[in-house]
Amino acid sequence: MSTVHLDHYIAGKPAANTSGRTQDVTNPATGAVTGKVGLADAAQVSAAVAAAQAAFPAWADTPPIRRARVMFKFLQLLNEHKDELAHLITAEHGKVFTDAQGEVSRGIDIVEFACGIPQLLKGDFTDQVSTGIDNWTLRQPLGVVAGITPFNFPVMVPMWMFPVAIAAGNTFVLKPSPTDPSASLRMAELLKEAGLPDGVFNVVQGDKVAVDALLEHPDVKAISFVGSTPIANYIYETGARHGKRVQALGGAKNHMVVMPDADIDQTVDALIGAGYGSAGERCMAISVAVLVGDVADKIVPKLIERTKTLKVLNGTNLAAEMGPIVTRAAHERITGYIAQGEKEGAKLLVDGRKFDGTVAGEGCGDGFWMGGTLFDHVTPEMRIYKEEIFGPVLSCVRVENFKDAIDLVNAHEFGNGVSCFTRDGNVAREFSRRIQVGMVGINVPIPVPMAWHGFGGWKKSLFGDMHAYGEEGVRFYTKQKSVMQRWPESIGKGAEFVMPTAK
């Protein structure tokens with residue numbers, strides 16, 4: 001099989017890699033190398049930033065309604081090509097096709113939100129703040145902004161960033177994960193087809209070399225990042241040191257608190273889908289079930305049964321519930337965590353390491369396969385509880401009461417997402433108010449906010465003040481300017497030695 005060469009997209013056209021460095025692109029279901037992606041050096045990053053900088057003045061001066069019309073056309077093209085994008089995701093990431101379709105749909109939601117940019121950019125006006133003086137505010141774009149995005153959502157997470165940034169008048173440089181680079185290039189082509197001027201959206205493939213070049217480049221005014229907490233912290237500190245606005249979303253350890261009054265079958269469905277969907281490779285996956293009181297004895301047997309019967313298949317099979325792990329290295333890391341859990345004394349109820357990839361589909365024997373793994377009697381001191389595994393591993397922690405559940409979740413260093421399954425309205429209300437987590441679900445296992453609300457966690461799950469997309473995304477990608485104005489006829493004689501006051 002011939003391999004595809006995937007490089008960059010700069011100034012409205014494909015750009016060949018010039019660094020001489022490449023990385024293999026692999027189909028996780030088969031283990032086969034399907035492409036090679038170029039890894040940019042600092043010079044190629046500078047070329048992308050220069051293209052964005054050159055395009056910025058005209059794009060910033062383009063009326064918001066005309067920018068919105070480009071977004072509307074892009075929206076139309078996305079809807080026409082969403083299955084094509086989903087197939088690219090499945091081929092390089094491995095997630096099942098229906099899940100990939102859902103990812104594209106959630107990205108499209110952000111584009112729809114960005115189409116409303118004329119309304120979102122409206123400022124405030126106050127007539128006669130002082131005699132003869134009016135005051136108003138407006139929001140203006142920052143300039144060149146960049147997005148650094150992870151492998152697990154190669155369409156949705158970039159769309160958390162660039163549609164809002166571009167609609168607001170910025171120009172954009174995307175540095176996607178080299179693990180699954182194809183979708184970024186296809187989106188660049190669709191943006192050009194939608195009428196986006198050359199240079200407004202650019203893609204540089206790469207690794208830490210490209211990341212550091214973006215962080216250090218003086219013309220990059222803001223950085224958005226989604227990934228692990230250690231790298232989010234590095235991005236935040238390095239970007240801030242170079243005078244940039246930074247929004248860095250980090251890791252997670254998402255809990256689902258199950259109260260004794262919860263509907264058992266609905267809860268099991270939720271835990272199986274949220275724990276093992278996308279092979280657990282998403283920052284909002286539920287990785288800890290907090291079982292309150294006697295509910296554990298009712299729910300654990302059902303979890304064992306469902307985990308053992310997960311339909312782990314090639315993602316192209318529409319019957320699949322879970323696909324392969326994204327890379328061999330990720331597979332080895334997850335395997336190590338399972339061994340560590342056994343060593344630390346957690347009770348291993350279902351061992352996903354025993355899964356045979358040959359049953360996943362034709363040609364899948366050499367893929368990166370793993371079944372669902374289920375632990376019980378996990379305690380907060382264990383590494384499998386404390387650390388983000390980012391794989392299909394669900395840990396059950398037993399607590400006596402609701403207060404213990406709240407205290408357990410609040411003591412964790414991450415605060416990304418959390419869920420509570422209950423029929424009790426007061427429990428739901430108290431949970432929502434007292435939990436120290438940024439995104440909360442009540443009988444909703446994966447509470448990813450809709451496009452107009454904004455995404456972001458608390459504690460070590462978010463570095464920076466503003467969440468992704470929604471109105472906070474508009475604020476992140478714009479700066480406020482305040483204008484005070486009066487005319488000569490209203491100015492009295494004599495020098496004024498004080499600031500304007502309301503008089």
Side-chain angles (χ1 to χ4, degrees), residues 7-19 38-64 66-68 70-71 74 110-111 114 117 121 139-149 157-176 181 183-206 209-225 235 238-239 242-247 468 473-474 476-479:
D7 291 326
H8 319 290
Y9 192 92
I10 298 173
K13 60 182 183 295
N17 188 52
T18 57
S19 72
L39 303 176
D41 56 16
Q44 201 140 36
V45 171
S46 291
V49 173
Q53 183 69 23
F56 173 66
W59 183 244
D61 276 347
T62 301
R66 286 174 52 197
R67 299 198 297 256
V70 174
M71 286 293 109
F74 181 51
I110 312 298
V111 179
I117 200 67
L121 290 179
R139 303 205 69 88
Q140 294 184 314
L142 305 176
V144 179
V145 299
I148 301 166
T149 57
V157 171
M159 285 197 202
W160 285 1
M161 303 172 185
F162 74 78
V164 176
I166 289 173
N170 301 281
T171 53
F172 202 92
V173 178
L174 173 63
K175 204 298 292 177
S184 61
L185 298 172
R186 188 67 183 114
M187 289 189 291
E189 291 171 350
L190 293 176
L191 281 165
K192 183 177 178 72
E193 188 177 342
L196 192 71
D198 293 348
V200 175
F201 181 78
N202 307 272
V203 178
V204 285
Q205 313 287 356
V209 172
V211 169
D212 286 342
L214 288 169
L215 289 170
E216 295 167 7
H217 200 294
D219 288 337
V220 175
K221 303 304 181 186
I223 298 274
S224 298
F225 170 83
I235 296 281
T238 308
H242 286 87
K244 303 187 192 314
R245 185 177 289 191
V246 183
Q247 171 192 76
V474 177
F476 179 77
Y477 288 120
T478 57
K479 51 195 173 187

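From a predicted model like this one, the values you see are computed outputs, not experimental measurements.
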Could you go through the side-chain contact (heavy atoms from CB on, under 4.5 Å) check for Lys244 and Val220 one step at a time?
CA-CA 7 Å; Lys244 303 187 192 314; Val220 175; 4.0 Å; yes

Main-chain N/O of Thr478 paired with Arg245 side-chain donor or acceptor, under 3.5 Å
yes

Apply the test side-chain contact (heavy atoms from CB on, under 4.5 Å) to residues Gln205 and Leu185: give CA-CA distance (whole Å), side-chain angles for both, the deciding distance (0.1 Å), then the verdict.
CA-CA 10 Å; Gln205 313 287 356; Leu185 298 172; 3.6 Å; yes

For the side chain of Arg67 and the backbone of Ala167, is there at least one donor-acceptor N/O pair under 3.5 Å apart?
yes

Contact between Tyr477 and Val145 at the side-chain level, heavy atoms closer than 4.5 Å - yes or no?
yes

Quick check: closest heavy atoms across Thr171 and Ala52, and the distance to 0.1 Å?
OG1-O, 2.9 Å

Determine whether Lys479 and Leu142 make a side-chain contact, defined as any pair of heavy atoms from C-beta on separated by less than 4.5 Å.
yes

Considering only heavy atoms from C-beta outward, does the side chain of Val200 approach that of Ile166 to under 4.5 Å?
yes

Could you go through Tyr9 and Ser184, starting from their C-alpha distance and side-chain angles, then the distance that decides it, and tell me whether this counts as side-chain hydrogen bond (donor to acceptor under 3.5 Å, both in side chains)?
CA-CA 9 Å; Tyr9 192 92; Ser184 61; over 6 Å; no

Set out, in order, the CA-CA distance, both residues' side-chain angles and the distance that settles side-chain contact (heavy atoms from CB on, under 4.5 Å) for Leu196 and Phe74, then state yes or no.
CA-CA 9 Å; Leu196 192 71; Phe74 181 51; over 6 Å; no

Check step by step if side-chain contact (heavy atoms from CB on, under 4.5 Å) holds for Thr18 and Gln44.
CA-CA 7 Å; Thr18 57; Gln44 201 140 36; 3.2 Å; yes

Report yes if some heavy atom in the side chain of Met159 is under 4.5 Å from a heavy atom in the side chain of Val111; otherwise report no.
yes

Carboxylate-amine/guanidinium contact Glu189 Lys192, below 4.0 Å:
no

Would you call Ile223 and Gln247 a side-chain contact if the rule is heavy atoms closer than 4.5 Å?
no

Taking all non-hydrogen atoms of both residues, which atom of Met71 and which atom of Pro163 are closest, and how far apart?
SD-O, 4.0 Å

Closest heavy-atom pair and its distance - Gly38, Asp7
N-OD1, 3.3 Å

Backbone N or O of Asp219 within a donor-acceptor pair of the His217 side chain at under 3.5 Å?
yes

Grab the two heavy atoms, one from Lys175 and one from Ala210, that are nearest each other, plus how far apart they are.
CG-CB, 4.0 Å

Side chains of Leu214 and Val49 in contact at under 4.5 Å (non-hydrogen atoms)
yes

So, for Ala40 and Ser19, which heavy atoms are closest and what is the spacing to 0.1 Å?
C-CB, 4.3 Å

Are side-chain heavy atoms of Asn170 and Phe162 found at a separation under 4.5 Å?
no

Taking the six-membered ring for Trp, are Phe201 and Phe172 parallel (under 30°), tilted (30 to 60°) or perpendicular (over 60°)?
parallel

Is the closest side-chain heavy-atom distance between Phe225 and Val246 below 4.5 Å?
no

Closest contact, heavy atoms only, Asn202 versus Gly199
ND2-O, 2.8 Å

Could you grab the distance from atom CD1 of Ile148 to atom CG of Leu174, nearest 0.5 Å is fine?
9.5 Å

